[in-house]
Amino acid sequence: QVQLVESGGGLVQAGGSLRLSCAASGRSFNTYAMGWFRQAPGKEREFVAAINWSGNSPIYADSMKGRSTISRDNAKNLGYLQMNSLKPEDTAVYYCAVAVFSDARRRVSEYTYWGQGTRVAVSS
């Protein structure tokens with residue numbers, strides 16, 4: 001079992017930055033891939049970024065490529081998503097998730113554990 005708690009969301013102006021954190025509990029966190037997803041009102045949950053068990057080989061959605069960086073600190077059971085140059089269309093609830101695979105995955109269905117989400121709002 002892995003429990004996840006996100007933090008770091010908030011209201012930011014367009015062009016600003018936010019760093020989301022994901023605190024994990026459970027002994028298996030450092031063997032599993034971790035991802036970030038988001039869900040805007042009235043839309044399906046979508047992939048943002050993911051990273052493998054060791055913190056290497058990150059992958060990103062095209063919409064976030066070049067504007068975000070995913071990382072993790074397995075010693076502290078923490079994951080991060082640094083987002084820069086934020087746009088109003090980035091407004092959503094952002095979720096941290098863990099997949100019971102070692103390599104990074106893009107699909108919602110491949111992730112087993114989910115946090116409650118943290119809300120990000122970007123004003124124009």
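Throughout, residue positions are numbered sequentially from 1 according to the sequence presented.
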Open item on the list: With a 4.5 Å cut-off on side-chain heavy atoms, are Y111 and S109 touching?
Closed with: no
Task: Heavy atoms of other groups near Q3 CD, more than 12 under 6.0 Å - done: yes
- [ ] Indicate if V48 and V12 have the same hydrophobic cluster label, given that clusters are the connected sets of ILVMFWY residues with side-chain heavy-atom separations under 4.5 angstrom.
- [x] yes
Open item on the list: Does R19 qualify as a cation-pi partner of Y80, given the criterion of NZ or CZ under 6.0 Å from the six-membered ring centre and within 45 degrees of its axis?
Closed with: yes
- [ ] Check S54 against N74 and note the closest heavy-atom contact, atom names and distance.
- [x] CA-ND2, 4.3 Å
Task: Donor on one side chain, acceptor on other, S123 and Q13, under 3.5 Å - done: no
- [ ] Validate the cation-pi geometry between R105 and F101: distance from NZ or CZ to the six-membered ring centre under 6.0 Å, angle to the ring axis within 45°.
- [x] yes
Open item on the list: Quick check: do S57 and D103 have side-chain heavy atoms less than 4.5 Å from each other?
Closed with: no
- [ ] Provide the full list of disulfide bond (SG atoms under 2.5 Å apart) pairs with a residue in residues 12-54, sequence neighbours left out, each pair given once.
- [x] C22-C96
Task: Pairwise distance CG(L20) to OG(S68) - rounded to 0.5 angstrom - done: 10.0 Å
Open item on the list: Under a 4.0 Å threshold between the charged nitrogen and the carboxylate oxygen, would K87 count as salt-bridged to D90?
Closed with: no
- [ ] May I ask you to test the S17-Q82 pair for a side-chain heavy-atom distance under 4.5 Å?
- [x] yes
Task: Heavy-atom side-chain contact between Y94 and Q39 under 4.5 Å - done: no
Open item on the list: Working to the nearest 0.5 angstrom, can you tell me the gap between M34 CE and I51 CD1?
Closed with: 6.5 Å
Task: For the student: nearest non-hydrogen atoms of P88 and A14, plus distance - done: CD-CB, 4.1 Å
TODO: Please test Y60 against I70 for side-chain contact (heavy atoms from CB on, under 4.5 Å), starting from the C-alpha separation and ending with a verdict.
DONE: CA-CA 9 Å; Y60 298 93; I70 186 172; 3.6 Å; yes
Task: Side chain to side chain, W114 and L4, heavy atoms closer than 4.5 Å - done: no
Task: Nearest atoms (heavy-atom pairs only) where F29 meets A24 - done: CD1-CB, 3.4 Å
TODO: Look at the side chain of R72 and the backbone N and O of N52, then say whether any donor-acceptor pair between them is shorter than 3.5 Å.
DONE: yes
- [ ] For M64 and W36, run side-chain contact (heavy atoms from CB on, under 4.5 Å): C-alpha distance rounded to whole Å, both residues' side-chain angles, the deciding distance at 0.1 Å, then the answer.
- [x] CA-CA 11 Å; M64 297 301 288; W36 287 93; over 6 Å; no
Open item on the list: Within the structure provided, determine whether V122 and V120 are in side-chain contact (heavy-atom separation under 4.5 Å).
Closed with: yes
Task: Partners passing ring pair (Phe, Tyr, Trp, His ring centres under 6.0 Å) against F47 (at least two apart in sequence or in another chain) - done: F37
Open item on the list: Please report the interatomic distance OG(S71) to CG(L81), rounded to the nearest 0.5 Å.
Closed with: 8.5 Å
Open item on the list: If we ignore hydrogens and angles and just use 3.5 Å, is the side chain of E6 paired with the main-chain N or O of T118 as donor and acceptor?
Closed with: no
Task: Geometric cation-pi criterion R38 and Y95, 6.0 Å radius, 45° cone - done: no
Task: Test item: E46 and V108 side chains (from C-beta on) under 4.5 Å apart, heavy atoms - done: no
Open item on the list: Does any part of the side chain of V2, heavy atoms only, come nearer than 4.5 Å to the side chain of V100, both counted from C-beta?
Closed with: no
